[in-house]
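Reviewing the structure listed below.
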Amino acid sequence: MGAEEEQRKQENEQPTNNPITESQFLAWKRQKDADTSAKKAEAARKRAEDIAAGTVQMNGRELFLHEPWVFDNSQY
């Protein structure tokens, strides 16, 4: 009885391995990359809408892209 209990404990403690194929991994990776890309695109679209509406403050790069005349140093 003691040996069987120890064996069950060891089996429960060992992580189960679920081997996946390379094609399964690549499919998962493509899906994950697509989801990440979609989230970034949605965030960029929302940021652009907020900037156009004037509800958020622009950072330096955004200001340079939208209002380059602010950075005109020809007067100096």
Side-chain angles (χ1 to χ4, degrees):
M1 245 351 218
E4 289 177 8
E5 289 178 19
E6 286 182 31
Q7 187 178 4
R8 278 191 220 133
K9 283 183 183 179
Q10 287 178 353
E11 288 174 359
N12 290 339
E13 290 175 2
Q14 293 177 353
T16 57
N17 293 334
N18 294 332
I20 62 171
T21 64
E22 184 177 350
S23 61
Q24 288 173 324
F25 171 76
L26 292 175
W28 168 81
K29 181 68 172 158
R30 277 192 298 273
Q31 181 65 38
K32 183 179 178 194
D33 290 344
D35 291 345
T36 303
S37 174
K39 285 180 184 177
K40 284 183 181 180
E42 177 63 22
R45 184 194 60 77
K46 176 140 177 28
R47 175 90 177 155
E49 286 179 0
D50 290 345
I51 289 172
T55 57
V56 295
Q57 186 175 9
M58 288 188 270
N59 63 28
R61 178 178 292 184
E62 293 164 342
L63 183 62
F64 181 75
L65 292 174
H66 291 353
E67 299 175 6
W69 54 267
V70 173
F71 298 95
D72 184 20
N73 288 334
S74 63
Q75 298 174 358
Y76 301 109

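The structure displayed is predicted, hence computed values, not measured ones. Values below: all heavy atoms of this structure, side chains included; hydrogens, waters and symmetry mates excluded.
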Does the pair R45 and E42 meet the rule for a salt bridge (charged side-chain N to carboxylate O under 4.0 Å, His left out), with working shown? CA-CA 5 Å; R45 184 194 60 77; E42 177 63 22; 2.4 Å; yes

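Nearest heavy-atom pair, P19 versus N17, reported as atom, atom and distance to 0.1 Å: CD-O, 3.3 Å.
Looking only at distances, no side-chain donor or acceptor of S37 sits under 3.5 Å from a matching main-chain atom of D33.
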Result block: side-chain N/O donor-acceptor pairs under 3.5 angstrom for residues 52-67, not counting sequence neighbours:
residue: T55; atom: OG1; partner: D50; partner atom: O; Å: 3.2
residue: N59; atom: OD1; partner: R61; partner atom: N; Å: 3.2
residue: N59; atom: OD1; partner: E62; partner atom: N; Å: 2.9
residue: E62; atom: OE1; partner: R47; partner atom: NH2; Å: 2.8
residue: E62; atom: OE1; partner: N59; partner atom: N; Å: 3.0
residue: E62; atom: OE2; partner: R47; partner atom: NE; Å: 3.0

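In this structure, NZ in K46 is found 7.0 Å from CD in E49, a value given to the nearest 0.5 Å.
In Q24, the CD atom is crowded: over 12 heavy atoms of neighbouring residues, nucleotides or ligands sit closer than 6.0 Å.
Remark: Q31 pairs with D35 by the side chain to side chain donor-acceptor pair (under 3.5 Å) rule, at least two apart or across chains.
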